[in-house]
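In listed order, ligands and their atoms are each counted from 1.
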Amino acid sequence: MITGMATQNSLHLARRMASLEPSATLAMAAKASALAASGVHVIDLSVGEPDFPTPAHICAAAEAAIRAGKTKYTPAAGIPDLRKAVAADASRRTGLAVTPAQVVVSNGAKHALHNVFMALLDEGDEVIVPAPYWVSYGELIKLSGAKPVLLETSIADDFKLRPEAFRAALTPKTRMLLLCSPSNPTGVVYTPDELRALADIAIEADLAVIADEIYDQLVFDGRQSPSFPTLRPGLADRTVVVAGVSKTYSMTGWRIGWTISPEPLAKAIGNLQSQETSNPCSVSQHAALAALTGPQDCVADMCRAFQKRRDLVAKTLSALPGVRLPEIGGAFYAFFDIQEPLARAQSRGIATSAAWCEALLEQEHVALVAGSAFGAEGHVRMSFAAAEEKLTDGLARIARFLAR
Ligand code: PMP
Ligand code: GLU
């Protein structure tokens, strides 16, 4: 071999990459933007990202942070003021006594989830994940060497995990339950009683619980989304809450999320992060601090707008022939059953939710995400984090596509 020349195999991928899928939501968004860049008027309802600008006072805090020279490394787990603000906000909203030492600030909630899986899971451990599930859960769990155990739920059960199904899936290898409420992709919100029934089994089986509560403030019709660790005494000792500013404050690009966990785990996650990524962006941390400590009316305003859009989307979709969807209590997604329209589309060569979404994009230029990406074939997800005119136009195009 000539020194310096790569062998054919020198860049062969690691085994862990063999089954790694790219994020289907981000992939669909990229496809929609490419089509839009070619001059087509695309209605992109694929990615779950608030369309509102980040509130001005938050942007101003970031500008001030830059001018004040807050542009250097910070402690890996986040600036003390932000950890304090996250703890204070969680304590105020849940009634639990959350301390800053329980908080680790990461590069978005996605990174926070990755940290938890890496810190807690060993090769072969099983994690119970109700399906439909958010696209990244399965892949992130697999990256840690553990196994996602995907439990199908049905629209008749509002896509909620039933205690009997949870209990039946337990094995000696079960280590963790992963819950997302309000749910991405279904928009359903568990009630306190429903969560308590699951909590009791998790306690009995001595499991860790990851509660993805990133949409907890985006709830409709006067609902409250209960925070999982509040539901039984001692539950906080086995629960990791994952949340962040991406959705609540329309700050997806700033990349700030966090975990709230018992202190020893927070310390381990902080150590992991100190080796993997160091601190999340210093300027973004100051912006997130302003988000949590500044006026909160922006959250209520955005939530009201999402509720109005929910009304429009739910009413229009449920009136379409063969389309069914559960009650959307929070977040900004409509997850609808297209099995009947799909059966009718067979004659046009459309047999899967992915093919249905492809055809919709090609023929009507509307981007949705196939249910198969969320572990629920026969369904599609629409994000309604978009302006009303765009939603109205998108819904009309979907109706036209269904009528073909
Ligand atoms: N969890 C859920 C349920 C989400 O919908 C998202 C949105 N991408 C995330 C986590 C990740 O959020 P972030 O953008 O802060 O990484
Ligand atoms: N959570 C959003 C979604 O589900 C953002 C995309 C992503 O991070 O995958 O569409």
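When heavy-atom distances to ligand 2 are checked against a 4.0 Å cut-off, N184 comes that close only through its side chain, counted from C-beta outward. For A109, heavy-atom contacts with ligand 1 shorter than 4.0 Å involve the backbone as well as the side chain. Within the 4.0 Å heavy-atom criterion, neither part of M28 lies near ligand 2. Here T25 has side-chain heavy atoms under 4.0 Å from ligand 2, and that is the only part of it that gets that close. Within the 4.0 Å heavy-atom criterion, the part of Y333 lying near ligand 2 is the side chain and not the backbone.
The shortest N or O to N or O distance between H111 and ligand 1 is not under 3.5 Å. Remark: ligand 2 and G48 share an N or O pair separated by less than 3.5 Å (distance only, no angle test). The shortest N or O to N or O distance between W134 and ligand 2 is below 3.5 Å.
What sits closest to atom 16 (O) of ligand 1 on the protein, heavy atoms only, is R255 NH2, 2.7 Å. Here the protein heavy atom with the shortest distance to atom 15 (O) of ligand 1 is S246 OG, 2.6 Å. Among protein heavy atoms, atom 10 (C) of ligand 1 sits closest to W134 CZ3, 3.4 Å. In terms of protein heavy-atom proximity, atom 3 (C) of ligand 1 is closest to D212 OD2, 3.2 Å.
Atom NZ of K142 sits in a crowded spot, with more than 12 heavy atoms from other residues, nucleotides or ligands closer than 6.0 Å. Counting non-hydrogen atoms of neighbouring residues, nucleotides and ligands closer than 6.0 angstrom, the CD atom of E276 exceeds 12 such neighbours. Around atom CD of E388, more than 12 heavy atoms belonging to other residues, nucleotides or ligands sit under 6.0 Å away. More than 12 heavy atoms of other residues, nucleotides or ligands shown are found within 6.0 angstrom of CZ on R162.
The aromatic rings of W356 and F401 sit perpendicular, their planes meeting at an angle over 60°, well past the 30° parallel limit.
Contact between Y137 and ligand 1 is present, with at least one heavy atom of the residue lying under 4.0 Å from the ligand. Look at K247 and you'll find a heavy atom under 4.0 Å from some atom of ligand 1. Proximity of I214 to ligand 1 is established by a heavy-atom distance of less than 4.0 Å. Distances shorter than 4.0 angstrom do not occur between any heavy atom of G244 and any atom of ligand 1. Assignment of K110 to the shell around ligand 2 is supported, since a heavy atom sits closer than 4.0 Å.
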Verdict with supporting geometry, D89 and R92, salt bridge (charged side-chain N to carboxylate O under 4.0 Å, His left out)
CA-CA 5 Å; D89 176 66; R92 181 180 56 77; 2.9 Å; yes
Between E364 and R404, does a salt bridge (charged side-chain N to carboxylate O under 4.0 Å, His left out) hold up when you go through it step by step?
CA-CA 11 Å; E364 291 292 347; R404 276 168 196 247; 2.7 Å; yes
Kindly indicate, with the supporting measurements, whether the criterion side chain to side chain donor-acceptor pair (under 3.5 Å) is fulfilled by T248 and Q217.
CA-CA 7 Å; T248 318; Q217 296 196 65; 4.6 Å; no
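Each of the atoms 1 (N), 2 (C), 5 (C) of ligand 2 lies under 4.0 Å from some heavy atom of K247. Numbered from 1 in the order shown, with element, the atoms of ligand 1 that lie under 4.0 Å from a heavy atom of C180 read 3 (C). Counting atoms of ligand 2 from 1 in the listed order, those under 4.0 Å from a heavy atom of L26 are 6 (C), 7 (C), 9 (O). Residue N184 has at least one heavy-atom neighbour below 4.0 Å for each of these atoms of ligand 1: 3 (C), 4 (C), 5 (O). If you number the atoms of ligand 2 from 1 as listed, the ones under 4.0 Å from a heavy atom of S23 come out as 9 (O). Within the listing of ligand 2, atoms 5 (C), 6 (C), 10 (O) sit less than 4.0 angstrom from a heavy atom of V47. Short contacts between ligand 1 and G108, defined as distances under 4.0 Å to a heavy atom of the residue, involve ligand atoms 15 (O), 16 (O).
With V129 as the partner, the side-chain contact (heavy atoms from CB on, under 4.5 Å) test is satisfied by one option alone out of V149, I141, I210, L161: I141.
Note on D393 versus R397: salt bridge recorded, some NZ/NE/NH1/NH2 to OD/OE distance being below 4.0 Å.
Within the 4.5 Å cutoff, side-chain heavy atoms of F374 are placed close to those of V135.
By the 6.0 Å and 45° rule, R304 does not stack over the aromatic ring of F52.
Close placement of the Y215 and Y333 rings is indicated, their centers lying within 6.0 Å of each other.
With 3.5 Å as the limit, one finds no donor-acceptor pair spanning the side chains of E213 and S225.
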